[in-house]
Peer 1: 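Input: one structure, supplied below.
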Number of protein chains: 2
Amino acid sequence: MNGLGPYIRQQREQLRQHDNGYSLRQVAERVGIQPTYLSKIEREELPPPSEDTLKRLAQELKLDPDVLLAMAGKVSSDLRAIICQRPQLFSQLLRQLKDTPDHAVLRIVREVSDGDW
Amino acid sequence: MNGLGPYIRQQREQLRQHDNGYSLRQVAERVGIQPTYLSKIEREELPPPSEDTLKRLAQELKLDPDVLLAMAGKVSSDLRAIICQRPQLFSQLLRQLKDTPDHAVLRIVREVSDGDW
DNA sequence: TAAAGCGTGTACTATATACTACACACTATG
DNA sequence: CATAGTGTGTAGTATATAGTACACGCTTTA
């Protein structure tokens with residue numbers, strides 16, 4: 001359980017082993033931020049960036065945006081929108097599922113996608 | 001579908017019909033904000049207040065905090081925490097359930113609470 | 001050995017968020 | 001008819017958020 005910063009750095013260095021285009025500077029440029037900023041993010045000298053920046057970073061580094069956002073304590077705006085449309089329903093559901101084991105939740109997911117609803 | 005502000009005002013005036021302690025000033029005081037601020041919130045002259053303030057307001061006005069937060073486009077911090085602990089799982093679930101009708105989601109809720117998991 | 005590229009330290013900055021403080025006019029109450 | 005209470009207009013503020021800009025020393029490359 002290390003933080004968002006180290007997680008990003010590790011992944012970047014991972015990718016770098018197979019492709020030299022993953023220097024801090026180059027990634028920063030593709031993501032559209034200053035290299036110094038990415039440096040600080042990776043070393044957690046500054047708090048996590050915005051949702052948008054995190055998403056671009058996730059895409060660039062081939063990471064799951066939802067995971068990256070979660071490590072920053074954030075929830076993607078599209079999920080927020082889903083909840084906000086039926087707040088009582090989904091609030092109840094989530095609190096209900098808080099301590100439900102993964103496999104049981106996944107069973108629900110599969111049942112729903114098998115779509116006899 | 002009127003906004004958060006009018007919704008709050010309406011509820012406050014509703015409560016006021018049976019209890020004079022629901023003037024804008026008195027509610028504001030109990031909630032811990034300035035009356036001018038509450039006034040602006042109700043008339044949507046200012047953007048919605050913080051999560052904490054909305055929750056205290058909900059309690060004071062006997063409204064569902066999740067609903068109030070939702071109308072402000074926010075999601076309660078405890079729900080965020082639940083999602084952030086298993087982001088992939090719950091992101092998938094929520095996107096899956098986005099267009100699932102209420103009754104079907106409620107069926108899940110009941111199945112889970114009947115707890116044979 | 002010069003130039004390009006690397007990561008980082010320091011110092012700012014712009015915008016959004018979340019309010020407060022004071023003054024005013026109107027209404028109801030004692 | 002004074003005074004207590006009501007809602008609101010105007011102006012300002014503190015803090016958080018989300019970054020930028022420049023300079024530096026080190027390393028690799030040509």
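Just so it is clear, the structure is predicted and the values come from calculations on it, not from any experiment. Each chain gets a letter, A, B and so on, in the order the sequences are listed, and its residues count up from 1. What you see below is based on every heavy atom in this structure, not just the backbone, and it leaves out hydrogens, waters and symmetry mates.
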Peer 1: Whether the A/Asp78 and A/Ser76 side chains hold a donor-acceptor pair (N or O, under 3.5 Å, no angle test) is what I'd like checked.
Peer 2: yes

Peer 1: Side-chain N or O of A/Thr53 less than 4.0 angstrom from OP1 or OP2 on D/dG19?
Peer 2: yes

Peer 1: Would you say that B/Gln96 contacts A/Ile108 through its side chain, given a criterion of any heavy-atom pair below 4.5 Å between the two side chains?
Peer 2: no

Peer 1: State, yes or no, whether a side-chain contact exists between A/Glu60 and A/Arg12 at a heavy-atom distance under 4.5 Å.
Peer 2: no

Peer 1: Would you say C/dC19 has OP1 or OP2 under 4.0 Å from some side-chain N or O of B/Ser50?
Peer 2: yes

Peer 1: State which residue, out of B/Lys74, B/Arg56, B/Arg80, fulfils the salt bridge (Lys or Arg N to Asp or Glu O under 4.0 Å) condition with B/Glu51.
Peer 2: B/Arg80

Peer 1: Any residue in residues 34-48 of chain B with a heavy atom nearer than 4.0 angstrom to DNA chain C? Just list them by number, or reply none.
Peer 2: B/Gln34, B/Thr36, B/Tyr37, B/Leu46

Peer 1: Could you tell me if the side chain of A/Leu57 sits less than 4.5 Å from the side chain of A/Leu38, heavy atoms only?
Peer 2: yes

Peer 1: Does the side chain of B/Leu106 reach to within under 4.5 Å of the side chain of A/Gln92, using non-hydrogen atoms?
Peer 2: yes

Peer 1: Reading nucleotides 25-30 of chain C 5' to 3', which nucleotides get B (base under 4.0 Å from a protein heavy atom), which S (sugar-phosphate only), which -?
Peer 2: ------

Peer 1: Report yes or no: do A/Leu79 and A/Leu63 belong to one cluster of Ile/Leu/Val/Met/Phe/Trp/Tyr joined by side chain heavy-atom distances under 4.5 Å?
Peer 2: no

Peer 1: Does B/Arg16 put a side-chain nitrogen or oxygen below 4.0 Å from OP1 or OP2 of D/dG5?
Peer 2: no

Peer 1: Is any side-chain nitrogen or oxygen of A/Arg9 closer than 4.0 Å to OP1 or OP2 of C/dT8?
Peer 2: yes

Peer 1: State, with a plain yes or no, whether a side-chain heavy atom of B/Ile83 is found less than 4.5 Å away from one of B/Leu94.
Peer 2: yes

